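Everything numeric in this text was worked out from a predicted model, so none of it was measured.
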Amino acid sequence: VEVYYIEFQLAENSNLEETKKKKFSKSDTLEHIQNVMREEFNIATEADTRLWNKYTSNTYEQLARLDNTVQDAGLFSGQLIIIEIKNEDGTWPRQARSTGTLGTNGSTSPIPAPPPQPLGTSSSFDKKEGSPVGTGASTSTASSSRYNFSGTSATYGDGGVSDKAQPGICGLSNLGNTCFMNSIIQGLSNTPEIIEYFDNDNYLEDINEDNPLGMKGEIAKSFGQLIKDMWSGKFTYVVPRAFKMAVGRFAPQFSGYQQQDSQELLTFLLDGLHEDLNRVKHKPYVEMSDSDGKADSDVAMEAWDNYKKRNDSVILDIFHGLLKSTVVCPECPKVSVTFDPTCYLSLPLPVKKERQVEVFLVYLDPLKPPTQFKVTAPKNGSMGDLCIALGKLANVPGESLVVTDVYNHRFHKIYTSDDQLSHILDRDDIFVYETDNTDSNNVTVPVYLREKKNCSSYAPSNLFGQPLLCSLPQSCTSSQLYDHLLQRMARYVSRPAEEDDWWKPPPKSPDSGQGDDCSMEQGEGSSGGSSEESPTSETEPGKASTAAETPDDDMLSEEEEVVGPLKMFSLHLVNSYGNAQIEPISEQEEEAITLNSKNYLSLDWHPRAKQKFFNEKAAEDFSQDDSWHGKTTPKKQVIKLSECLKLYTSQEKLGADDAWYCPNCQKHQQATKKFDLWSLPEVLVIHLKRFSYNRYWRDKIDTLIEFPVNNLDMTQYVIN
């Protein structure tokens with residue numbers, strides 16, 4: 001089912017500025033498009049017409065095979081299609097004014113498609129009407145041995161015919177964003193073994209159209225003809241349109257005109273050419289055997305012979321080598337040695353991808369103010385890596401640190417050591433807390449600071465200050481817990497003297513009826529439109545006006561006037577947001593209290609206690625480490641190719657997701673694995689793994705890699 005049609009721009013040859021947009025199905029034929037254009041531009045039925053398409057700024061191509069579909073012709077969305085009307089004298093307007101850059105065809109390219117036509121067959125169109133060749137090109141050489149395909153009267157050589165052309169010095173026209181393809185073609189075109197094989201037509205006798213793993217020989221035919229055109233000495237540039245269409249039919253990911261990965265194309269192309277040119281017509285079944293302690297040379301020879309029984313092509317002769325893979329089980333003496341053919345080396349880059357994270361470290365010592373650090377950690381590392389790096393900077397144990405994201409006086413997120421560092425964004429306020437993990441009886445509990453909006457016991461509370469992550473005993477009494485928390489806040493909280501009746505309101509002024517901060521807050525709240533938060537205004541709306549003048553002492557008298565509260569704050573278990581109470585904690589001093597790591601604790605401060613004993617300025621003080629003022633620009637790193645090869649051949653431990661199944665242990669193991677180069681081909685393809693991926697983004701490593709242009713010596717890496 002075709003959901004989205006392809007939209008083309010249609011124009012008449014005599015007026016290219018005026019275009020009309022029309023949508024067509026991929027299954028529509030070019031003849032259908034021509035008929036639609038006749039109607040759109042009011043062209044007489046008896047008039048002879050032909051179609052052209054424009055796919056670069058100055059290159060036009062004739063669409064001659066009208067029985068081809070839009071998909072067969074390789075047309076893409078937004079392309080300009082031109083209809084040309086034959087002159088009364090029998091000439092074509094575009095033929096008369098064609099130049100070396102406008103619609104010239106100077107190629108003998110066959111463009112493969114089912115059913116494939118034999119090479120050298122002349123096109124009936126070329127014989128009848130002649131191809132629109134520029135005046136600088138001979139008509140006989142341009143049309144004597146070509147035929148039409150996919151709606152094109154020509155092919156690779158559009159616009160590149162020149163007397164000054166030299167074999168091999170030939171450019172490739174871009175078909176959209178196809179520079180990835182052109183770079184691979186140019187690389188293969190300048191490989192001497194490839195030139196000799198394809199330019200001398202040696203590939204024709206090796207084409208295997210019956211190989212079920214191949215592309216019916218079409219990739220080999222189109223690539224071979226492209227190489228012949230580039231080395232014919234006739235063209236300064238060619239248009240690899242037919243080759244791209246052949247590739248797109250068998251690898252749909254390359255069928256569009258967008259940028260793709262050049263290494264993926266090269267991998268597909270070498271594999272496609274290998275199967276299209278495989279000299280083995282019937283592949284036998286070959287059973288792979290284990291090394292079983294045999295000599296490496298014997299195992300390697302057996303692996304290569306088995307591979308050659310099923311694979312034998314010029315691509316194998318030129319590009320294929322042999323890798324030795326050694327896997328060692330960590331629990332049993334099993335050592336698995338296998339030899340695998342390879343067409344290229346995909347080398348990792350020994351790059352330390354790092355990022356700098358700005359954090360506040362809250363020390364376990366309550367008298368030390370929080371300190372701001374700028375920590376350098378692995379970009380794809382974990383919170384554990386950040387803690388280790390911070391621990392070295394601050395001279396504290398990294399395993400005792402806990403990373404948190406603080407937002408709006410509460411913990412937005414408390415990270416585990418396995419969480420990825422990519423969770424932290426540059427705008428986050430990251431607080432790292434040092435905890436006491438030496439005592440197994442301790443538990444780390446998040447603690448919020450809350451303040452009642454007024455003196456009433458029923459008043460709602462607001463969060464304030466920075467939350468704490470405290471190491472507290474799992475089991476203790478209420479008074480012990482209170483003392484632990486006061487000690488944790490000793491830097492900015494002072495304790496009241498025994499004789500201090502801090503909870504009592506100051507004497508009322510005889511002039512104003514407002515004697516304390518609670519009544520001030522109550523009055524401001526009422527006049528400010530938030531009286532609905534006051535229990536008085538809810539239960540007795542008629543007395544709302546007197547609430548601004550009368551303090552809340554009537555509500556406090558019973559509980560506070562005689563002895564007052566013993567503690568500056570009460571304790572509650574709350575939810576992770578700190579806005580909903582789960583249950584209060586008993587204020588009976590000897591009451592046993594049990595805490596666990598899932599609890600969130602709130603300290604609900606009495607308004608007068610907060611005002612008198614909580615030093616907000618001291619609570620907000622912090623210092624800055626020297627790392628905060630350090631330079632952030634990393635040094636430009638340069639890596640040598642030899643470093644990449646050493647990393648590739650080094651031993652590594654498999655991850656949990658890539659575990660190896662040990663036949664002795666009969667379970668998956670995180671074994672150690674090592675690659676060695678056993679034998680290398682005549683032409684070695686080296687791929688640099690510049691892209692790294694995670695669940696959030698794709699990152700490209702732009703580090704410069706130094707490699708020798710001449711005299712690359714690989715002997716030190718080959719163990720055979």
Side-chain angles (χ1 to χ4, degrees), residues 362 366 370 406 408-411 431 445-470 472 478-498 500-506 515-525 530 533-535 551-553 555-556 559-561 563-589 591 593 595 599-621:
V362 181
V406 174
N408 201 19
H409 312 296
R410 60 172 62 92
F411 290 115
F431 282 73
V445 179
V447 177
Y448 293 147
L449 306 180
R450 302 198 305 181
E451 176 190 14
K452 295 179 181 179
K453 289 186 177 180
N454 55 49
C455 300
S456 169
S457 303
Y458 306 99
S461 302
N462 287 334
L463 289 168
F464 72 94
Q466 293 300 327
L468 303 172
L469 208 57
C470 298
L472 302 171
S478 177
S479 62
Q480 289 173 336
L481 178 59
Y482 183 78
D483 287 338
H484 273 293
L485 293 170
L486 276 181
Q487 185 180 356
R488 192 70 185 85
M489 299 182 290
R491 185 172 55 85
Y492 47 88
V493 173
S494 57
R495 301 196 183 203
E498 291 184 7
D500 190 352
D501 296 336
W502 55 265
W503 64 89
K504 291 184 178 180
D516 70 328
D517 56 298
C518 291
S519 60
M520 289 285 288
E521 290 179 11
Q522 181 84 1
E524 290 170 3
S530 58
E533 295 179 346
S534 166
D552 213 7
D553 291 340
M555 299 184 67
L556 301 176
E559 57 179 308
E560 292 188 0
E561 273 192 0
V563 294
L566 298 176
K567 297 181 175 65
M568 294 183 288
F569 49 80
S570 58
L571 301 176
H572 290 86
L573 294 179
V574 294
N575 65 350
S576 61
Y577 294 99
N579 58 4
Q581 294 184 182
I582 297 175
E583 63 176 290
I585 291 179
S586 172
E587 296 189 6
Q588 299 296 324
E589 291 197 0
E591 182 81 20
I593 296 172
L595 298 174
N599 291 144
Y600 281 76
L601 200 59
S602 77
L603 315 185
D604 292 349
W605 283 77
H606 192 288
R608 297 193 189 102
K610 175 179 178 291
Q611 184 183 37
K612 191 169 184 179
F613 303 112
F614 190 96
N615 188 335
E616 293 192 24
K617 185 177 182 303
E620 294 174 0
D621 282 347

*Aromatic rings F569 and W605: how do their planes relate, parallel, tilted or perpendicular, breaks at 30° and 60°?*
tilted

*Hey, what do you get for CG (N579) to CG (N462), rounding to the nearest 0.5 Å?*
11.0 Å

*What distance do L595 atom CG and C470 atom SG have between them, rounded to the nearest 0.5 Å?*
10.5 Å

*Do the side chain of H606 and the main chain of R608 share a donor and acceptor less than 3.5 angstrom apart?*
yes

*Do any N or O atoms from the side chain of N615 and from the backbone of A619 form a donor-acceptor pair under 3.5 angstrom?*
no

*So, the side chain of R491 versus the backbone of A618: is there a donor-acceptor pair under 3.5 Å, distance only?*
yes

*Tell me whether the centres of the aromatic rings in Y600 and Y577 are closer together than 6.0 Å.*
no

*Do M568 and L486 come within less than 4.5 Å of each other through their side chains, counting heavy atoms only?*
yes

*Under a 4.0 Å N-O cut-off, is there an ion pair linking D483 with R495?*
yes

*Minimal non-hydrogen separation, N599 against P446, with atom names*: O-CD, 3.2 Å

*Sole residue of H409, H572, Q581 in side chain to side chain donor-acceptor pair (under 3.5 Å) with R450*: Q581

*Do the ring planes of F411 and Y448 sit parallel (below 30°), tilted (30 to 60°) or perpendicular (above 60°)?*
tilted

